[in-house]
Structure formats: C-alpha cells, structure tokens
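See structure below.
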Amino acid sequence: MSGLASNPLLACYQEHYAGLLRFLTKRTRCPDAAQDLMQETWLQLAEQDGSAFILGHEDGLRAYVYTVAANLEIDERRHASRSRERFVTVDDPASLDALATVPDIGHTHLTREALEHIGAALDRLPRRTRDIFLASRLDGAARADIAERYGVSLKTVEREITTAATRLENALYARRGETPPAATGRARRKNLSRLLGLAGALLALPAAWQGWRHLVPHWRGAWSTASARFDGQALPDGSSVLLDSATAIEFAYYATRRVATLRQGAAFFQVVRDAGRPFTVHALDVRITVLGTRFGVDVEAGQVRVDVESGRVRVQAGDGSARELGAGESLSVRERGGFTADVSHGQPGHAAPWREGWLNFDDVPLEQAVQRLSRYTPHAIHVEPGIAGLRVYGRVSIADSKAWLRQLPSILPVRLVQESDGGLRIVRRA
C-alpha cells in the first residue's frame, strides 16, 4: 500500500477529499453511497504505482482522481439499473407500496443460508474463543472485564477475538468458493453484503445484517517502520497518520466505526470528522476515541502517552477510568492501571515533538528516556537496573542523540560502556 510520500495520487486524494465527496454526493444524491464510492476510489488509487505520475502536474493529478471516482459512480449506476430491469403488471398502482415492503424470497433464502453458515462457523470455534468473541462483539463487554471473567490476559482476549473474526470471514469466502485475500496492507476486503450475496434485499433480516456489518471490516491496512525512519500514510476516509520510527499499526474500517491499533511505537493522527463513524485508537489496554482532531499516541515502557494538538479526545484506561483532553493537553496511562498523573497543559500545536526532530524528557526515568531514544539508533542501548529510575530532564535533538548520551556522565552518576557489537551500556559510576 503506497504511502503519502511515494504515491502522489493518495496525497492528491487527501488534499481534495472534501471536494471529491461533494462531487460524488451530488452525483449519487446519497451521502452513504458517496462515502462507499470514496473508499472504492481510495482503494483503486492505492493499488496503483503512484511513482509513474509527475508530481508537478497538480491539475492532471486532480483530474485523474476525479475521473476514477466518476467512472466508479457510473459503473455503480449501471449495475443498479440492470438490477431494476424487472417488469410486472399492476392493476392498482397503490399496491406498489405494499410490494415494496415484501422481501425477495430468493434473497431471503440466501440470507438465511448465509447466517446458518455463520452459525456453523461459530460452532466450530473453540468454546472459549467463541464465548470471548460473542461477549465482546455482541454483548459489548469491555475487554478488561472479559479478561477478568475468563482469567486470561488482555492480549489473550485480543488474540481470541482476532482469531474468531478471521475464521468467520474465511468461512464466508469459502461459502462463495473464493480464496480469502492475503492478510497484507494491500489486501482488499470485500464488502460483507457481497460475501453474503444479499445485493439489495437487506429487508429480509435487517437486525442480523446490522449486527454483522458492524463486525466485519470493509477495509484493513497495516504498516510498520524501521529504525530511524518516519512514514506518512493517507487513509481512505481522508484522514492521515504519521508513523514514528520503530512503529507498528493496524487499521480496520467498519460501516459504523473506524479502529486503529497501535502495536508499538508512536503515531500522529489527523482525523476527518465523521459523526456516524467515530475513530478509536487502541494502544495496550487504553482506548482513545475522537470524532475529528489532531493528536499523538506513544506506546512506551508499559505506558501510553496521549498529546492533543487540536480538537478533543476521550481517553479510557484499562481500569475503566476516563478523562477528556483538549488542545494543548496531554497525559500518560499505565497498562493494567490508571492515569499516572493529572492532565498536563502545554502549547497547542506542540503535540508529538518527534515530528520536528525533538524529544522532551520532563522528569522521566532514565530507562524510559533511553528506550525512547533507542528507536533512532542502529545499536541497542541498555541501562543497568540499579540506575534505571534516575530522573532525566531536557529537550533532546534526535539527530544529535549521541551527543546527549555522551553528556549523561556529567549530569548523572553514570558511565558509558561501549559493547563489542556496537551497542552501549549505561552503568553506575563507581
């Protein structure tokens, strides 16, 4: 999946997102249909080699993006037109209203058959996997509560839910005689309505459909960055994410929600507001929910730090406690715990300073500061346990991190030991 830096088509899509959405809404006269077409447009652009396009020709890029979107809308309209090519004789025109409320028998049968197939797939899951999945996705139980109920870790709960969702999706593809797409950033997930073969007869089982469209994503993406490398990515809803060094993240977009899971590292999000689909970031056992804002999330040393540049976010800790942050505010949350301190206040626009090449250490343990800095060094840095809790203050230039490390013995009772493999060990000074 091409990033912002390597695919000018995605960058152009993001820049003209609002105008393109208005264009498709006007053509379709349906905001939901326009949103679906926006995602289809993004997928087509992401699958192309953006390097073949000349960056300087902005008008040409914009025209190409709009042409892709328009062609998709035309294809959709033609498909809908062919689906409506059924003719009946009706003596009483008023009876058309009654006919409109009657579900198609064939589609009803296909829907029931598909749901029976799903039920069979659920039955084949290990009992704990099935129970955890249903407790989370259908009962809405918090994952911390599920972990306590079954006596397992939060990571085990996450793994069981992911296993169940993957097997159910694979079962739906198998029902259609198709091979599931590879689980990579380029994998294009088909809409669940196509997997179930429902076409337009969702009136048959609306409750079941609404439940499953909430469970199965229509788009997924995953990226990771190497040491000392940043990467920017455009998302199909017009949002974007900038990844710090040594970061791993996954996305899943559903009909009713957008979910990002930050596995490690740090990310800065610019989220487009969509009241019908809140944007949630999961990091360790912390959940950050927004509608539209700019904020950073950093996973480090068993803690999650959240910095808000603009807008508001709600942060929920693993113990169930929650707080709201506004522009210029930040806080840290312990894994399997609560907030480490009160909300701190800074200058709006200074969230995630690593984007500008800086790290701020404000009374943090030496081990935590060194772990954060090691994302940008080619060799490992280790801190002797006895001095790991020494406090560190200051503003460090990422590009000049070696100089900061050399200065440590002058401000702390430590010395540096060079390892034979090029790494560094920080020990107590005798």
Side-chain angles (χ1 to χ4, degrees), residues 225-230 243-248 262-268 283-284 286 296-309 317 325 328-347 349-430:
T225 54
S227 177
R229 295 290 300 272
F230 292 170
L243 305 182
D244 191 12
S245 174
T247 293
L262 185 60
R263 300 296 182 188
Q264 67 180 50
F268 184 82
L284 299 180
V286 179
V297 180
D298 196 325
V299 177
E300 183 179 32
Q303 293 189 7
V304 176
R305 180 179 175 85
V306 183
D307 298 286
V308 180
E309 183 172 282
L325 299 179
E329 296 182 334
S330 61
L331 54 72
S332 295
V333 193
R334 289 186 297 269
E335 184 178 18
R336 299 188 183 91
F339 301 98
T340 60
D342 292 332
V343 175
S344 60
H345 302 270
Q347 292 293 326
H350 290 272
W354 52 265
R355 294 178 295 155
E356 308 297 332
W358 294 92
L359 295 176
N360 294 332
F361 298 137
D362 184 12
D363 190 24
V364 302
L366 174 61
E367 183 177 37
Q368 182 177 333
V370 168
Q371 284 183 4
R372 186 68 177 84
L373 199 61
S374 65
R375 293 181 190 172
Y376 312 99
T377 58
H379 302 291
I381 308 175
H382 301 285
V383 179
E384 188 179 67
I387 59 173
L390 295 175
R391 315 307 288 185
V392 176
Y393 301 82
R395 183 172 170 85
V396 180
S397 168
I398 293 174
D400 203 19
S401 58
K402 290 183 179 179
W404 182 80
L405 289 169
R406 287 194 297 267
Q407 291 175 3
L408 280 179
S410 65
I411 57 178
L412 294 174
V414 303
R415 63 187 179 91
L416 308 182
V417 178
Q418 194 73 41
E419 304 280 17
S420 59
D421 61 358
L424 190 66
R425 190 159 48 94
I426 305 176
V427 301
R428 183 179 295 278
R429 188 169 62 226

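All figures in this text were calculated on a predicted structure; none of them were measured in a lab. Computed from heavy atoms alone, side chains included, the values below leave out hydrogens, waters and symmetry copies.
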Of all pairs that satisfy salt bridge (charged side-chain N to carboxylate O under 4.0 Å, His left out), the ones with a partner from residues 372-385, not counting sequence neighbours: Asp244-Arg372, Asp244-Arg375, Asp298-Arg372, Asp298-Arg375
Could you check whether any side-chain N or O of [X] sits under 3.5 Å from a backbone N or O of [Y], counting only pairs where one atom can act as donor and the other as acceptor?
| X | Y | value |
| --- | --- | --- |
| Gln264 | Ala246 | yes |
| Gln418 | Gly423 | yes |
| Arg391 | Asp363 | yes |
| Arg229 | Ala226 | no |

Partners passing side-chain hydrogen bond (donor to acceptor under 3.5 Å, both in side chains) against Arg395 (at least two apart in sequence or in another chain): Asn360
Counterpart residues, side-chain hydrogen bond (donor to acceptor under 3.5 Å, both in side chains), relative to Arg429 (two or more places apart): none
Could you tell me which non-hydrogen atom of [X] sits nearest to which non-hydrogen atom of [Y], and how far apart they are?
| X | Y | value |
| --- | --- | --- |
| Thr377 | Ser227 | O-OG, 3.4 Å |
| Ala266 | Thr247 | N-OG1, 3.0 Å |
| Val370 | Ile426 | CG2-CD1, 3.8 Å |
| Phe361 | Ala369 | CZ-O, 3.6 Å |
| Ala317 | Gly338 | CB-CA, 4.0 Å |
| Leu416 | Pro409 | CG-CG, 4.1 Å |

Taking side chain as C-beta onward, heavy atoms only, is [X] less than 4.5 Å from [Y]?
| X | Y | value |
| --- | --- | --- |
| Pro413 | Leu390 | yes |
| Ile381 | Leu405 | yes |
| Glu300 | Arg305 | no |
| Val396 | Trp358 | no |

To the nearest 0.5 Å, what is the distance between [atom1] on [X] and [atom2] on [Y]?
| X | Y | atom1 | atom2 | result |
| --- | --- | --- | --- | --- |
| His382 | Arg425 | NE2 | CZ | 9.0 Å |
| Leu331 | Thr340 | CG | OG1 | 7.5 Å |
| Asp421 | His379 | CG | NE2 | 7.5 Å |
| Ile398 | Glu356 | CD1 | CD | 10.0 Å |

Trp354 ring center near Phe230 ring center (under 6.0 Å): yes
Worked check of side chain to side chain contact (heavy atoms under 4.5 Å, CB included) between Val392 and Trp404: CA-CA 11 Å; Val392 176; Trp404 182 80; 3.5 Å; yes
Test side chain to side chain contact (heavy atoms under 4.5 Å, CB included) applied to Leu408 and Leu366, step by step: CA-CA 10 Å; Leu408 280 179; Leu366 174 61; 4.2 Å; yes
